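Structure, as C-alpha cells:
In what follows, every chain begins at residue 1, and chains take the letters A, B, ... in the order their sequences are listed. On a predicted model such as this, the values are computed, not experimentally measured, just so you know.
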4 protein chains.
Amino acid sequence: MGVTMDGTKQQRRGNTRQRIQDVALELFAEQGYEKTSLREIAERLDVTKAALYYHFKTKEEILVSIFEDLSEPIVELIEWGKAQPQTLETKQEIIRRYSETLAGATPLFRFMQENQAAVKELRIGEMFRNRMMGMRDILIDPDADLIDQVRCVSAMFTLHAGMFALNDLEGDPETKRKAVLEVATDLVTQAHRGADSP
Amino acid sequence: MGVTMDGTKQQRRGNTRQRIQDVALELFAEQGYEKTSLREIAERLDVTKAALYYHFKTKEEILVSIFEDLSEPIVELIEWGKAQPQTLETKQEIIRRYSETLAGATPLFRFMQENQAAVKELRIGEMFRNRMMGMRDILIDPDADLIDQVRCVSAMFTLHAGMFALNDLEGDPETKRKAVLEVATDLVTQAHRGADSP
Amino acid sequence: MGVTMDGTKQQRRGNTRQRIQDVALELFAEQGYEKTSLREIAERLDVTKAALYYHFKTKEEILVSIFEDLSEPIVELIEWGKAQPQTLETKQEIIRRYSETLAGATPLFRFMQENQAAVKELRIGEMFRNRMMGMRDILIDPDADLIDQVRCVSAMFTLHAGMFALNDLEGDPETKRKAVLEVATDLVTQAHRGADSP
Amino acid sequence: MGVTMDGTKQQRRGNTRQRIQDVALELFAEQGYEKTSLREIAERLDVTKAALYYHFKTKEEILVSIFEDLSEPIVELIEWGKAQPQTLETKQEIIRRYSETLAGATPLFRFMQENQAAVKELRIGEMFRNRMMGMRDILIDPDADLIDQVRCVSAMFTLHAGMFALNDLEGDPETKRKAVLEVATDLVTQAHRGADSP
DNA sequence: AATGAATGAGCCTTCATTCAT
DNA sequence: AATGAATGAAGGCTCATTCAT
C-alpha cells in the first residue's frame with residue numbers, strides 16, 4: 001500500500017497537495033462545488049478524506065487555494081494596468097492579455113461562471129468581485145456615459161462566457177478565442193471613443 | 001388552527017401551490033438551489049415539508065414548474081421570431097422584446113445565471129439550453145462570419161448578465177436596462193451588417 | 001368525474017369496498033404488506049387515499065377483512081373436522097379438502113407465507129396461528145410419537161409451500177397440486193399408522 | 001468516551017463491523033427487515049447511524065454480508081454434494097449435514113423464512129433461490145416422477161420450517177431436530193426408491 | 001504524511017392517518 | 001361516497017469535520 005510497481009500511484013512524493021488541487025478543480029468545474037464531495041476527491045486520489053484535512057483546513061480552503069494560485073496572473077495584470085496611462089492602447093492591451101490569461105485557466109473560470117451562487121457566500125466570492133471591479137476600473141472612465149460603461153462590462157462578460165457558450169459552434173478553440181477577443185476589443189474601443197467625444 | 005388574526009396565514013385556500021413557487025423562487029435565487037432546503041421553504045410558509053410533497057413530486061419539480069410558468073413568454077417570443085422574415089428590424093425587435101421579458105422575470109434569470117452548475121444536470125438545464133439555442137438561431141445567420149456570430153451571442157449575454165452585474169452602478173434599473181438594450185442592439189446590428197457586406 | 005363512457009371506471013356502484021380488497025390483496029401478495037402503500041392502492045383504483053379510509057379504518061383492517069373473508073372456508077373445514085371421528089379416513093379427507101381450499105385462495109396464502117414477519121405483529125398473525133393449530137390438532141394425536149407429529153406438520157407445510165415452490169417445475173398447476181396432495185396424504189397416513197402400532 | 005466501567009461498550013476496536021452484523025441479524029430476525037430501522041440498530045450499539053455507513057454502504061449490504069458469511073457452509077455442502085455419486089447414501093448424508101448447518105444458523109434461516117416478501121427484491125433473494133435450487137438438483141433426479149420431486153422439495157421445507165413451527169411443542173430443540181431430520185430423510189429415501197423402481 | 005473510526009447535522013422523501021367539506 | 005389539503009413521524013442516506021494513532 002502506498003507505492004506500487006504497476007504504474008498506479010506513481011509519484012507520490014510531496015506533491016499530494018498539488019494533486020488534491022488538481023483533482024478538486026477538475027471535479028468542481030465538472031459537477032459544481034456543492035455537488036462535489038470530499039469523499040469523491042479522496043477516492044479519485046486513492047487517499048482517505050482525513051488526508052485532505054492534513055493538507056487543507058476545510059473544503060472551502062481547497063477552493064480558495066486553487067483560486068489564489070490560478071488567479072494570480074490576473075492580479076498582476078490589474079496591477080500592471082493600474083500603473084499605465086489610461087490610453088486606448090493600454091485598454092486594448094489589457095483586454096488582449098486578459099483573454100490569454102483566461103484561456104490559461106479555463107477550468108477555474110468555467111467554475112466561477114457556473115457556480116456563482118455557491119461562490120457568493122464563500123471567501124472567494126468577494127475576492128473575485130474585487131478583481132472584476134479592479135478590471136472594470138481600468139477599462140472604464142467613471143465619468144463615462146452609462147452606455148459606455150455597459151460596453152466595458154459587456155466586453156468582460158463576452159470574454160468570460162465566450163469560452164463556454166461557443167462550445168457547440170464549429171471551429172478550433174484558438175480561432176474562437178480570437179473572435180471573442182476581437183468583439184471585446186471592439187466594445188472597449190467604442191467605449192473609449194464615446195468617452196472622448198460625446 | 002388555519003386562520004389567525006395577526007395577518008399570518010391569511011388566505012390559505014387554493015393558492016398554496018402558488019405560494020410555494022413564490023417562496024421557492026425567492027430562496028433559490030437568493031441562496032442557490034442546492035443550499036435551499038425544503039425545510040426552509042416549508043418553514044417560511046408555515047407548513048410542513050410533507051405539504052410541499054402534496055403539491056409537487058420532488059424538489060426538482062418545484063423548480064421545473066416555476067421555470068415553465070415564467071419562461072413561457074420566451075417560448076412565445078422565439079416562436080414569433082421564427083415566423084418573421086430575418087430582417088434587421090426583426091432582430092432588433094426580438095432583442096427589445098427579450099429585454100423586456102427578462103426584466104419581467106428577473107429572479108428566475110438571476111437564478112439561472114448563478115446556478116448553472118446545479119441546473120446543468122436538472123431537467124431544466126436542457127430546457128434552458130434549448131431556448132437559448134432557439135434565440136441564437138433567430139439572431140444568427142449560420143453562414144455569417146464567426147465574429148458576427150460571437151457578436152450575437154455576446155448580445156444575449158449582455159442582456160442576461162447586465163441585470164445583475166450592474167447592481168453596484170448608480171442609476172435606476174430602468175435606465176440601466178435601456179443602456180444594456182442599446183449595447184445589445186448595437187451588437188446585433190453590427191452582426192447583421194457584417195453578414196450583408198463582408 | 002366518476003363514471004365515464006370510455007369503459008374506464010365502469011361499474012362504480014357499491015362495490016368499491018370489494019375492489020379495494022381485490023387490488024390490495026393483489027399488491028400485498030405481489031410486493032408484500034409493508035412495501036405496498038395506500039397511495040399505490042388508491043392510485044390503481046383511481047380514487048384518493050382518503051376514500052380508502054371511508055371504507056376501512058386502517059391499513060391493517062383492509063388486510064384483516066381480506067383474511068376473514070378468504071379464510072372462512074378453512075374455519076368451516078376445521079369445525080367440520082372437529083366434529084368427525086378421528087379416523088384415518090377423516091384425516092385424509094381433511095387434507096384433501098384443505099388442499100382444495102388453499103388452491104381457491106392462492107394469493108392470500110402466498111401472501112401469508114411470504115409475509116410472516118410483517119403479519120406476526122398484526123392481528124391476523126394470531127388468527128392465522130390459531131387456524132393452523134386448529135388444523136394440527138385434528139391431524140395429530142397428542143400422544144403420538146414426536147416423529148409422527150412432525151409428519152403431520154410437514155404435511156401441512158408441504159401443502160402450503162408446494163404451491164409456490166414448484167413454480168419452476170414443468171407441469172400444469174392442477175397436476176402439481178395433486179402430487180403435493182398425495183405426498184401430504186402419505187405423510188398423514190404414515191403418522192396415523194405410527195400412532196396405531198408403535 | 002470509549003471505554004466505561006459498567007460493562008457497556010467494552011471492546012470497541014476492530015469488531016464494530018461484526019457487532020453491527022450481530023445486532024442487525026438479531027433485529028432482522030425478530031422484527032423483520034423492513035420494520036428494523038438503522039436507527040434502531042445504531043441505538044442498540046450505542047453508535048450513530050452514520051457509523052453504520054462507515055462499515056456498510058447500504059442497509060441491504062448489511063444483510064448481504066450477514067447472508068454471505070452465514071450461508072457459506074451451505075455453499076460448501078452443495079459443492080461437496082455435487083462431487084459425490086448420486087447414491088441414496090449421499091443424499092441421506094446431505095440431508096443430515098444440511099440439518100446441522102441450518103441448526104447452526106437458526107436466526108438467519110428463520111429470517112429468510114419469514115421475510116420472503118422483503119427478500120425477494122433484494123440481492124440475497126436470488127442468492128438464496130440459487131442455493132435452494134442447487135440443493136434440489138442434488139437431491140432430485142430430473143427424470144423422477146413428479147411426486148418424488150415433490151417429496152424432495154417437501155423434505156427441504158420440512159427442514160426449514162421444522163425449526164420454527166415446532167416451537168410450541170414440548171421437547172428440547174435437539175430432540176426435535178432429530179425428529180425433523182428423520183422425516184426429511186424418510187422423504188428423500190422414498191423419493192430415491194420411487195425413482196429406482198417405478 | 002496519512003488512516004480508521006466515528007459524529008452531528010441535515011437532506012429529500014414516503015407513509016399512514018386526519019378532517020373539514 | 002369521496003376529495004383536497006395537510007400533518008407528524010420516521011426512514012435511508014450523505015456530508016464536512018474531528019481526533020487518536
Side-chain angles (χ1 to χ4, degrees), chain A residues 1-2 12-17 34-42 45-62, chain B residues 1-2 12-17 34-42 45-62, chain C residues 1-2 12-17 34-42 45-62, chain D residues 1-2 12-17 34-42 45-62:
Chain A
M1 209 178 289
R12 261 281 208 85
R13 229 79 43 94
N15 58 341
T16 302
R17 200 189 136 93
E34 325 243 23
K35 277 275 193 186
T36 302
S37 70
L38 295 188
R39 178 179 52 69
E40 223 172 337
I41 297 176
L45 289 167
D46 210 15
V47 297
T48 57
K49 270 184 289 173
L52 305 184
Y53 280 89
Y54 177 82
H55 294 281
F56 300 94
K57 261 217 289 280
T58 63
K59 184 185 180 185
E60 181 172 355
E61 235 218 14
I62 300 181
Chain B
M1 207 179 291
R12 262 278 207 86
R13 213 72 45 80
N15 59 338
T16 302
R17 198 190 139 93
E34 326 242 21
K35 277 277 194 185
T36 302
S37 70
L38 295 188
R39 179 182 49 71
E40 223 171 338
I41 298 176
L45 289 167
D46 206 18
V47 296
T48 58
K49 269 183 293 170
L52 306 185
Y53 279 92
Y54 177 76
H55 295 281
F56 299 94
K57 264 213 288 282
T58 62
K59 184 185 179 185
E60 182 172 353
E61 234 217 13
I62 299 183
Chain C
M1 209 180 287
R12 261 282 207 86
R13 229 80 40 98
N15 59 341
T16 301
R17 199 189 136 93
E34 326 243 22
K35 277 276 194 184
T36 302
S37 70
L38 295 188
R39 180 180 49 70
E40 223 172 337
I41 297 176
L45 289 166
D46 210 13
V47 297
T48 58
K49 270 183 292 173
L52 305 184
Y53 279 90
Y54 177 81
H55 294 281
F56 300 93
K57 259 214 291 279
T58 64
K59 185 185 179 185
E60 181 173 354
E61 234 217 14
I62 300 182
Chain D
M1 205 180 291
R12 263 279 208 85
R13 214 72 44 81
N15 59 337
T16 301
R17 198 190 138 94
E34 324 244 22
K35 277 278 192 183
T36 302
S37 70
L38 294 188
R39 179 182 50 71
E40 224 171 337
I41 297 176
L45 289 167
D46 207 17
V47 296
T48 57
K49 267 185 295 172
L52 305 186
Y53 280 92
Y54 177 76
H55 294 281
F56 299 95
K57 264 212 288 279
T58 63
K59 185 185 179 185
E60 181 173 354
E61 234 218 14
I62 300 182

Could you check how far [atom1] of [X] sits from [atom2] of [N], rounded to whole Å?
X	N	atom1	atom2	answer
D/Asn15	E/dA5	CG	P	10 Å
A/Asp46	E/dA1	CG	P	18 Å
D/Leu52	F/dG11	CG	C1'	13 Å
D/Leu45	E/dT7	CG	P	10 Å
D/Phe56	E/dA5	CZ	C1'	14 Å
C/Ile41	E/dA16	CD1	C1'	11 Å
D/His55	F/dC13	NE2	P	16 Å

**5′-ward residue of the pair B/Ala51/D/Lys35 relative to DNA chain F** = B/Ala51

Residues that [X] engages under salt bridge (charged side-chain N to carboxylate O under 4.0 Å, His left out), provided they are two or more places apart:
X	value
D/Arg39	D/Glu43
A/Lys59	none
A/Lys49	none

**Message:** Once rounded to the nearest 0.5 Å, what's the spacing between atom CD1 of A/Ile62 and atom CD1 of A/Ile41?
**Reply:** 5.0 Å

**Asked** When rounded to the nearest 0.5 angstrom, what distance separates OG1 in B/Thr16 from CG in B/Leu52?
**Response** 10.0 Å

**Request:** Grab the two heavy atoms, one from C/Arg17 and one from C/His55, that are nearest each other, plus how far apart they are.
**Result:** NH1-O, 3.7 Å

**Request:** Write down the atom of A/Thr48, the atom of A/Ala42, and the distance for their closest heavy-atom approach.
**Result:** C-CB, 3.7 Å

**Fill in**
In DNA chain E, consecutive runs of at least three Watson-Crick or G-U pairs below 3.5 Å, as range with range, amount to E:2-21 with F:2-21

**Message:** It should be established whether D/Thr16 places a side-chain nitrogen or oxygen under 4.0 Å from OP1 or OP2 of nucleotide E/dA6.
**Reply:** yes

**Asked** Counting just side-chain N and O atoms, does A/Tyr54 come under 4.0 Å of either OP1 or OP2 of E/dA1?
**Response** yes

**Asked** Do D/Leu38 and D/Tyr53 come close enough that some side-chain heavy atom pair is under 4.5 Å?
**Response** yes

**Request:** Sugar-phosphate atoms are those with a prime plus P, OP1 and OP2; base atoms are the rest. Using that split, label each nucleotide of nucleotides 16-21 of chain F B, S or - for protein heavy atoms under 4.0 Å, 5' to 3'.
**Result:** BBBB--

**Prompt:** For D/Glu60, what residues pass the side chain to side chain donor-acceptor pair (under 3.5 Å) criterion, not counting sequence neighbours?
**Reply:** none

